[in-house]
Amino acid sequence: HVALAVPGLLAAAAMQAPSRQVLVRCPAGAPPPPDAVLVGREFSTTGLCSVFALLMLFWPLAWLPCVMEGCYDRVYQADADALEAHLLGAGALRAGGAGGAGDL
């Protein structure tokens, strides 16, 4: 095998900084961040409260929240810069900027 070195491609690859990856926890029903990859699920606080309440009320049903999708939060891996830009854009719209209700 022969490896060919193309100076322009190597320089461009060397100039790109590695992206920062962050883990984002989204509650059930919330939309995922843009360009995020699902990496797992975690039992939510709502799920723990449901288990505790069922333990106190009728313990044979305490397992029920463990099999309900709504009692789990989804965990995504996303690019930190893209996530920050997405959150800043959403915050500007909620604050009334960029054509929001505050411009009336």
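This one's a predicted model, so the numbers in the text were calculated from it and none came from an experiment.
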Enquirer: Counting neighbours of CG on Asp35 that are heavy atoms of other residues, nucleotides or ligands and sit closer than 6.0 Å, is the number greater than 12?
Expert: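 12 or below, so no.
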Enquirer: State which residues pass side-chain contact (heavy atoms from CB on, under 4.5 Å) with Ala28; sequence neighbours excluded, sorted by chain then number.
Expert: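 Once residues adjacent in sequence are excluded, Ala28 has no partner under the side-chain contact (heavy atoms from CB on, under 4.5 Å) criterion.
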Enquirer: What is the minimum heavy-atom distance between Val24 and Pro33, and which atoms define it?
Expert: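 What the structure gives for the nearest pair is CG1-CG, 3.9 Å.
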Enquirer: List the atom of Asp79, the atom of Arg20, and the distance in Å for their closest heavy-atom pair.
Expert: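 Nearest pair, atom of Asp79 first, then Arg20: OD1-O, 3.3 Å.
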Enquirer: Using the test ring-ring contact (aromatic ring centres under 6.0 Å, His included), find all partners of Tyr76 that sit at least two apart in sequence or belong to another chain.
Expert: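 With neighbours one apart ignored, the set is empty.
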Enquirer: Apply side chain to side chain contact (heavy atoms under 4.5 Å, CB included) to residues Val39 and Leu23 and explain how you reach the verdict.
Expert: CA-CA 9 Å; Val39 293; Leu23 293 177; 4.0 Å; yes
Enquirer: Side-chain heavy atoms nearer than 4.5 Å, only ILVMFWY residues, links allowed to pass through others: does that put Leu48 and Leu55 together?
Expert: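 Yes, one cluster joins them.
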Enquirer: Tabulate below the donor-acceptor pairs under 3.5 Å that side-chain atoms of residues 58-69 make, not counting sequence neighbours, or state none.
Expert:
residue	atom	partner	partner atom	Å
Trp63	NE1	Pro60	O	3.0
Glu69	OE1	Arg41	NH1	2.7
Glu69	OE2	Arg41	NH1	3.4

Enquirer: Carefully, step by step, assess Glu42 and Arg25 under the rule side chain to side chain contact (heavy atoms under 4.5 Å, CB included).
Expert: CA-CA 8 Å; Glu42 291 181 357; Arg25 187 174 178 170; 3.0 Å; yes
Enquirer: With no hydrogens and no angle check, is any side-chain donor or acceptor of Thr46 less than 3.5 Å from a backbone partner on Cys71?
Expert: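 No; judged by distance alone, with no hydrogens or angles, the pair does not exist.
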Enquirer: For Phe43, I'd like to know if atom CZ has over 12 heavy atoms of other residues, nucleotides or ligands within 6.0 Å.
Expert: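 Counting other residues, nucleotides and ligands, CZ of Phe43 exceeds 12 neighbours.
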Enquirer: Quick check for you: to the nearest 0.5 Å, what is the distance between Leu54 atom CG and Cys49 atom SG?
Expert: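 Here the rounded value is 11.5 Å.
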